[in-house]
Amino acid sequence: MNTDTKIKSEKMATKAERISGSEAIIRCLLEEGVEILYGYPGGAIMPVYDELYKYKDKIHHVLTRHEQGATHAAQGYARISGKVGVAMATSGPGATNLITGIADAQIDSTPIVCITGQVSSHLLGSDAFQETDIVGISTPVTKWNHQVTKASEIPEVIAKAFYIAKSGRPGPVLIDITKDAQFEEFDFSYKKCIGIRSYNPVPKTSQESLEAAAALINQAKKPMIVWGQGVILGKAEAELKAIVEKAGIPAAWTILGASALPTSHPLNIGMVGMHGNYAPNKLTNECDVLIAIGMRFDDRVTGDLKTYAKQAKIIHFEIDPSEVDKNVKTDVAVLGDSKVSLASLLPLLNAKSHPEWLQEFKDLYAIEFEKVIKYDLHPTKEGLTMGEVLKEINIQTKGNAAIVSDVGQHQMIACRYADFNITKSNITSGGLGTMGFGLPAAIGAKMAAPDREVISISGDGGYQMTIQELGTIFQTKVPVKIVVLNNEFLGMVRQWQQLFFDKRYASTEMMNPNFVAIAKGYHIAAKRVEKREDLANAVKEMIASKEAYFLEVCVEKEDNVFPMIPSGASVSDIRLS
């Protein structure tokens, strides 16, 4: 390590003893409190798996059926537990198969550590069998990565990896370890990393910025909060609730911020974004102060940046300085950890209410209810809707389930209509939009929170991208519940084709297999529902099951998700049909 990356370590360290690099990897994971590891063995990582066999009573290794499944499972584990998820794979294709999950974790700020095996150091650069430059490939989509060629480097690199993954704005880290480093012996000791020179993961919150933010909020006539996942990552749910209630501010959420404030809270005004609620999207362009907390103003939230909240003063609470002014110009930036900054803001705020402003949200909600929600949740047509499936799940779980959704129409419906009473209850792929995320992420989430009901919700398209992870469920007996909303289309793409490509349904209609038979082939209880009168009992049976359960619900083939902001349009141009 050079002086720029020299790490600070805890004074207490494990006593030195001579062991192999591969055993050192396992010992390091144990020192970091790792209990579950997702992965897939292969030649270049085999020495580590050999040592793992000796420690199988201390670390539970979950053999996923694909390396991508391992990263998504690690993500699900991390998102619901708040801990670092861990995935492991061999070199070459094993390592490259991790990339989608790593990229997903990077954009969604999920702390995972991925360990890959590599060919022996003397073969590097020779195009040896299953040699791939995974460090070069993963550099754009990791928070940090490093290649280890000497066993003695392992403890310090792994300590640094866990510290970087979970500190500040979390993210994925990859460590690539050559096979000779795994075999080599050295004097092992471990010190946890508590700091790195030149790396300041949590900027200090300035009192001046807090006072400026409070002044704008106290003067506001039409304030509005939009919160994101930064509230959940910062464990600032109580602070957010206190601010919302004291200042009487209507508060909306991004897709990854869902569940930080209960759905039923009277000042929770719904979801912003392309398929968010009508009122918070529309009134973004009418508020006088917009308070963004732990969100990054991505394009799905802002629509056309040239017209986004131009009338408003913008306050941005953010831990990552690079996000400030990146997309939306702020008037006041409050840097720092959300829990600390929101707690510091609270005493500076005046106790207020904004009944007339809040009524504007209620009035627009009434319009959305009449034109969209009523038909999603209480349909008059014969075919089942995705919305009524979520409604039934709410009834059966009382809004206490963790919903792990894949990507597509069903994802938007799940986020819009699921009741979230408990934080960390909405786990989905936000920034990357990874089809196939849902099933393996639900496996990881259920293993991290065995006492919670965890329900995977997928469409028939995304489900088949990682359907092989039914094998992981069969082998581990993890009692995750799986719901597939089957419309026999790649639904979201079909919706765009209908609205913007004159109904040219190019390559979006799906010819699907017998999903129930496949689930039963993995010895998972399964049922198919086609009629409304069968839905309630089927969901009740699924929730009551103590084991894994698969439920396929056949829904209307050409239903669309509304409201919708057309791509590149203003949030004011949100459509209800």
request  = Identify whether NZ of Lys or CZ of Arg in Lys56 sits under 6.0 Å from the centre of the six-membered ring of Tyr53 and within 45° of that ring's axis.
outcome  = yes
request  = State whether the number of non-hydrogen atoms from other residues, nucleotides or ligands found under 6.0 Å of Phe297 atom CZ is greater than 12.
outcome  = yes
task = Kindly say whether Val324 contributes a backbone atom to a donor-acceptor pair with the side chain of Lys329 at under 3.5 angstrom?
result = no
key: Shortest non-hydrogen contact between Ile427 and Gly76, atoms and distance   = CD1-O, 4.3 Å
message = Atom CZ of residue position Phe500 - does it have more than 12 heavy atoms of other residues, nucleotides or ligands inside 6.0 Å?
response = yes
query = What pair of heavy atoms forms the shortest contact from Ile175 to Val157, and how long is it?
reply = CG2-CG1, 3.8 Å
inquiry  = Check whether Asn97 reaches the backbone of Gln68 with its side chain - one donor and one acceptor, N or O, closer than 3.5 Å.
reply    = no
request  = Mark yes when over 12 heavy atoms from residues, nucleotides or ligands other than Arg300 sit less than 6.0 Å from its CZ; otherwise mark no.
outcome  = no
Glu323 vs Arg169, salt bridge (charged side-chain N to carboxylate O under 4.0 Å, His left out): CA-CA, chis, key distance, verdict = CA-CA 11 Å; Glu323 292 293 349; Arg169 180 181 179 177; 2.7 Å; yes
inquiry  = For a quick check under 3.5 Å, do Thr472 and Glu469 share a side-chain donor-acceptor pair by atom type?
reply    = yes
key: is_close_aromatic(Tyr505, Phe489), centroid dist under 6.0 Å   = yes
query = Can any side-chain N or O of Gln75 pair as donor or acceptor with the backbone N or O of Thr110 at less than 3.5 Å?
reply = no
task = Could you tell me which non-hydrogen atom of Tyr38 sits nearest to which non-hydrogen atom of Ala73, and how far apart they are?
result = CD2-CB, 3.6 Å
message = Within the 4.5 Å heavy-atom criterion, are Phe162 and Val86 side-chain neighbours or not?
response = yes
task = Quick one: pull up CE in Met274 and OG1 in Thr302 and give me the separation to the nearest 0.5 Å.
result = 9.5 Å
inquiry  = Less than 4.5 Å apart, side chain to side chain, heavy atoms only: is that true for Glu31 and Ile158?
reply    = no
ask   = Are side-chain heavy atoms of Val484 and Phe550 found at a separation under 4.5 Å?
value = yes
query = Does the side chain of Ile255 come within less than 4.5 Å of Gln411's, by heavy atoms?
reply = yes
message = Is a donor from one side chain sitting under 3.5 angstrom from an acceptor on the other, for Ser322 and Asp320?
response = yes
inquiry  = Take a 6.0 Å sphere around NZ of Lys503 and say whether it holds more than 12 heavy atoms from other residues, nucleotides or ligands.
reply    = no
From Leu174 atom CG to Ile99 atom CD1, the distance as rounded to the nearest 0.5 Å = 7.0 Å
query = Can you list the steps and then say if Ile26 with Val48 is a side-chain contact (heavy atoms from CB on, under 4.5 Å)?
reply = CA-CA 7 Å; Ile26 307 303; Val48 179; 3.8 Å; yes
ask   = How close do Ala442 and Val480 get, heavy atom to heavy atom, and via which atoms?
value = CB-CG2, 3.6 Å
inquiry  = Is there a side-chain contact between Leu499 and Met564 in this structure, where contact means two heavy atoms from C-beta onward sitting under 4.5 Å apart?
reply    = yes
request  = Step through the shown structure and confirm whether more than 12 heavy atoms of other residues, nucleotides or ligands are within 6.0 Å of CD on Glu547.
outcome  = no
request  = Take atom NZ of Lys520 as the centre, draw a 6.0 Å sphere, and report whether it contains more than 12 heavy atoms from other residues, nucleotides or ligands.
outcome  = no
task = Would you confirm whether Thr132, through its side chain, and Ile134, through its main-chain N or O, come within 3.5 Å as a donor-acceptor pair?
result = no
key: Ile232 to Gly257 - nearest heavy-atom pair and separation   = CD1-O, 3.8 Å
message = Any non-hydrogen side-chain atom of Leu37 less than 4.5 Å from a side-chain atom of Leu52?
response = yes
task = Please say whether more than 12 non-hydrogen atoms of neighbouring residues, nucleotides or ligands are located less than 6.0 Å from CD in Glu35.
result = no
task = Look at the side chain of Asp180 and the backbone N and O of Ser121, then say whether any donor-acceptor pair between them is shorter than 3.5 Å.
result = yes
task = Supply the atom-to-atom distance Ile457 CD1 to Tyr463 OH, rounded to the nearest 0.5 angstrom.
result = 13.5 Å
inquiry  = I'd like to know if Glu17 pairs up with Arg27 as an ion pair, taking the criterion as any Lys NZ or Arg NE/NH1/NH2 lying under 4.0 Å from an Asp or Glu carboxylate oxygen.
reply    = yes
ask   = Roughly how far, to the nearest 0.5 Å, is the CD1 atom of Ile102 from the CD atom of Gln106?
value = 10.0 Å
message = Quiz question: by atom type and distance under 3.5 Å, do the side chains of Ser425 and Ser259 form a donor-acceptor pair?
response = no
key: Identified side-chain hydrogen bond (donor to acceptor under 3.5 Å, both in side chains) counterpart of Ser138 within the set Asp176, Asp133, Asn145   = Asn145
inquiry  = Within the supplied structure, the quantity of interest is the number of heavy atoms (other residues, nucleotides, ligands) at a distance under 6.0 Å from Lys326 NZ; does it exceed 12?
reply    = yes
query = Between atom OG of Ser429 and atom NE2 of His72, what is the distance when rounded to the nearest 0.5 Å?
reply = 7.0 Å
Steps toward side-chain hydrogen bond (donor to acceptor under 3.5 Å, both in side chains) verdict (Gln229, Ser109) = CA-CA 9 Å; Gln229 190 186 199; Ser109 304; 5.1 Å; no
request  = Would you confirm whether Glu23, through its side chain, and Ser20, through its main-chain N or O, come within 3.5 Å as a donor-acceptor pair?
outcome  = no
inquiry  = Using only atom types and a distance under 3.5 Å, with no angle test, would you say the side chain of Lys143 pairs donor to acceptor with the backbone of Ile164?
reply    = yes
query = Under the side-chain contact (heavy atoms from CB on, under 4.5 Å) criterion, do Tyr163 and Tyr199 qualify, and how do the steps go?
reply = CA-CA 11 Å; Tyr163 176 73; Tyr199 170 55; 3.7 Å; yes
Any donor-acceptor N/O pair, Thr90 side chain to Ala44 backbone, under 3.5 Å = yes
key: Shortest non-hydrogen contact from Leu439 toward Asp406   = N-OD2, 4.4 Å
Side-chain donor/acceptor of Ser91 to backbone N/O of Gln130, under 3.5 Å = yes
key: side-chain contact (heavy atoms from CB on, under 4.5 Å) between Phe186 and Lys150, worked out   = CA-CA 9 Å; Phe186 73 110; Lys150 298 288 185 183; over 6 Å; no
query = Would a distance-only check, ignoring hydrogens and angles, find a side-chain to backbone donor-acceptor pair under 3.5 Å from Glu131 to Asp127?
reply = yes
query = Do the side-chain N and O atoms of Arg296 and Thr254 include a donor-acceptor pair separated by under 3.5 angstrom?
reply = no
request  = Test side-chain contact (heavy atoms from CB on, under 4.5 Å) on Met510 and Arg494 and set out the steps.
outcome  = CA-CA 11 Å; Met510 302 284 287; Arg494 185 213 54 76; over 6 Å; no
query = Rounded to the nearest 0.5 Å, how far apart are CG of Leu256 and CG of Asp298?
reply = 8.5 Å
Tyr40 vs Leu63 side-chain heavy atoms within contact, under 4.5 Å = yes
